[in-house]
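Each remark here refers to the structure printed beneath this line.
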Amino acid sequence: MDDASISSSSLHPFHTKTSDMEDDPSTDSIASWSASNESFILWNPLEFMRDLLLMFFKHNFSSFIKQLNTYGFRKIDPKQWEFANEDFIRGQTPLLKNIHRRKLVHSRSMQNLLGQGTSLLTNPERQSLRDEIERLQNEKKSLVLELKRHEQERQGFEMQMQVLREHLCICKPWSGSSI
């Protein structure tokens, strides 16, 4: 099956726009396919937010990340913004139709059912939820570490600014002197 045989109406706009963005060589310095072509990397998140996000989507950055999570994308590398989904592969547009919104389990209704002794989940479903919880916990840890690193960088920049301000005050010529 080739790309032309897939109806554009059968593909979700989020998937096609994300794929189109990654396929566009003019955006490669900001966002591109990884070397394996099985994931994509946001090389420059600030430029992505400023230049590409509103060009392709009506999202802010956190909404874009939430959309990725909703559709089963996972962060590959905690040190960079690299995301993958087994059906999001460069040049494999037909696979995009397999990417679906994940069904969310409402915890209160699930607690009520479990409290009544009724379990609606099969063992593989339970394991899948456990795996998802573990993945989310790991992602949270990496985001917390990244946040701490950014905070340390910010503090370093503030210290540099203070040193530069002090240096600027020392180097200013005396305005009251007349030579």
Side-chain angles (χ1 to χ4, degrees), residues 11-24 27-93 95-114 119-157:
L11 299 177
H12 193 281
F14 180 77
H15 308 135
T16 55
K17 288 178 183 180
T18 303
S19 180
D20 290 347
M21 178 179 61
E22 302 314 326
D23 287 339
D24 184 349
T27 67
D28 283 354
S29 65
I30 301 170
S32 71
W33 289 102
S34 67
S36 71
N37 292 321
E38 295 179 351
S39 61
F40 70 94
I41 303 169
L42 301 179
W43 296 106
N44 191 327
L46 293 177
E47 284 186 43
F48 175 75
M49 286 185 276
R50 186 187 68 217
D51 300 336
L52 292 183
L53 198 56
L54 292 178
M55 183 186 318
F56 286 90
F57 305 98
K58 294 178 183 175
H59 300 301
N60 61 33
F61 189 69
S62 62
S63 296
F64 177 76
I65 300 300
K66 187 182 279 188
Q67 282 281 74
L68 290 174
N69 288 327
T70 298
Y71 286 103
F73 284 79
R74 63 196 186 291
K75 192 169 184 193
I76 301 299
D77 184 346
K79 295 178 183 160
Q80 66 181 359
W81 295 95
E82 181 176 0
F83 299 93
N85 179 304
E86 64 186 20
D87 292 311
F88 191 79
I89 299 171
R90 184 179 203 165
Q92 299 295 318
T93 306
L95 293 177
L96 294 177
K97 71 182 180 343
N98 298 329
I99 301 175
H100 301 287
R101 183 180 294 269
R102 290 190 338 225
K103 293 181 176 103
L104 300 176
V105 177
H106 297 291
S107 61
R108 187 172 285 173
S109 60
M110 183 55 78
Q111 287 171 353
N112 289 341
L113 289 171
L114 292 175
S119 177
L120 298 179
L121 299 176
T122 63
N123 285 336
E125 290 171 326
R126 273 192 213 97
Q127 186 58 48
S128 175
L129 287 173
R130 285 186 195 108
D131 292 345
E132 180 68 6
I133 288 168
E134 183 177 349
R135 184 191 69 76
L136 290 171
Q137 287 171 335
N138 289 336
E139 188 172 340
K140 178 184 174 188
K141 286 177 188 174
S142 78
L143 289 171
V144 166
L145 288 173
E146 188 171 348
L147 184 61
K148 286 179 182 177
R149 184 177 56 82
H150 286 298
E151 179 59 24
Q152 289 171 344
E153 285 178 3
R154 186 190 62 77
Q155 289 173 352
F157 290 138

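Quick caveat: nothing in here was measured; it's all calculated off a predicted structure.
Salt-bridge annotation for Glu151 and Lys148: absent, with no side-chain N of the basic residue lying under 4.0 Å from a carboxylate O of the acidic one. A salt bridge between Glu134 and Arg130 is absent, with no side-chain N of the basic residue lying under 4.0 Å from a carboxylate O of the acidic one.
Taking 4.5 Å as the limit, some side-chain heavy atom of Arg135 sits within range of a side-chain heavy atom of Asn69. Looking at heavy atoms from C-beta onward, Ser19 lies in side-chain contact with Leu96 at the 4.5 angstrom threshold. Between Asp23 and Arg90, some side-chain heavy-atom pair lies under the 4.5 Å cut-off. With a 4.5 Å cut-off on side-chain heavy atoms, Thr18 and Phe83 do not count as touching. Two residues are said to be in side-chain contact when any heavy atoms from C-beta on lie closer than 4.5 Å; Phe88 and Leu95 fail this criterion. Using a 4.5 Å heavy-atom cutoff, the side chains of Arg101 and Gln67 are in contact. Using a 4.5 Å cut-off on side-chain heavy atoms (C-beta onward), Arg149 and Leu145 make no contact. Side-chain atoms of Lys140 and Gln137, non-hydrogen and from C-beta on, never get closer than 4.5 Å to each other.
Here the straight-line distance linking atom OG1 of Thr16 with atom CZ of Phe56 works out to 10.5 Å at 0.5 Å rounding. In this structure, CZ in Phe73 is found 6.0 Å from NE2 in His15, a value given to the nearest 0.5 Å. Separating the CD atom in Glu139 from the CD atom in Glu132 is a distance of 8.5 Å, to the nearest 0.5 Å. Between Gln152 atom CD and Leu147 atom CG the span is 10.5 Å, to the nearest 0.5 Å. Atom CG of Asn60 sits about 10.0 Å away from atom CD1 of Ile65, to the nearest 0.5 Å. Once rounded to the nearest 0.5 Å, the distance linking CG of Leu68 with CG of Leu42 reads 8.0 Å.
Contacts classified as salt bridge (Lys or Arg N to Asp or Glu O under 4.0 Å) and involving residues 68-88 (residues at least two apart or in different chains) are given here: Lys75-Glu146.
Residues Asp24 and Thr27 approach most closely at O-OG1, 2.9 Å, considering heavy atoms. Scanning all heavy atoms of the two residues, the minimum distance from Ala84 to Ile76 falls at CB-CD1, 3.4 Å. Closest approach of Leu52 and Ala31 over heavy atoms only: CD1-CB, 4.3 Å.
For Asp51, the side chain to side chain donor-acceptor pair (under 3.5 Å) criterion is met by no residue, not counting sequence neighbours. In this structure Phe57 satisfies the ring-ring contact (aromatic ring centres under 6.0 Å, His included) test together with Phe14, His59, Phe64, sequence neighbours excluded.
In this structure, a donor-acceptor pair under 3.5 Å is absent between the side chains of Asp28 and Trp33.
In this structure, the side chain of Ser39 does not engage the main chain of Ser34 through any donor-acceptor pair within 3.5 Å. Here the side chain of Asn85 pairs a donor or acceptor atom with the backbone of Tyr71 at under 3.5 angstrom.
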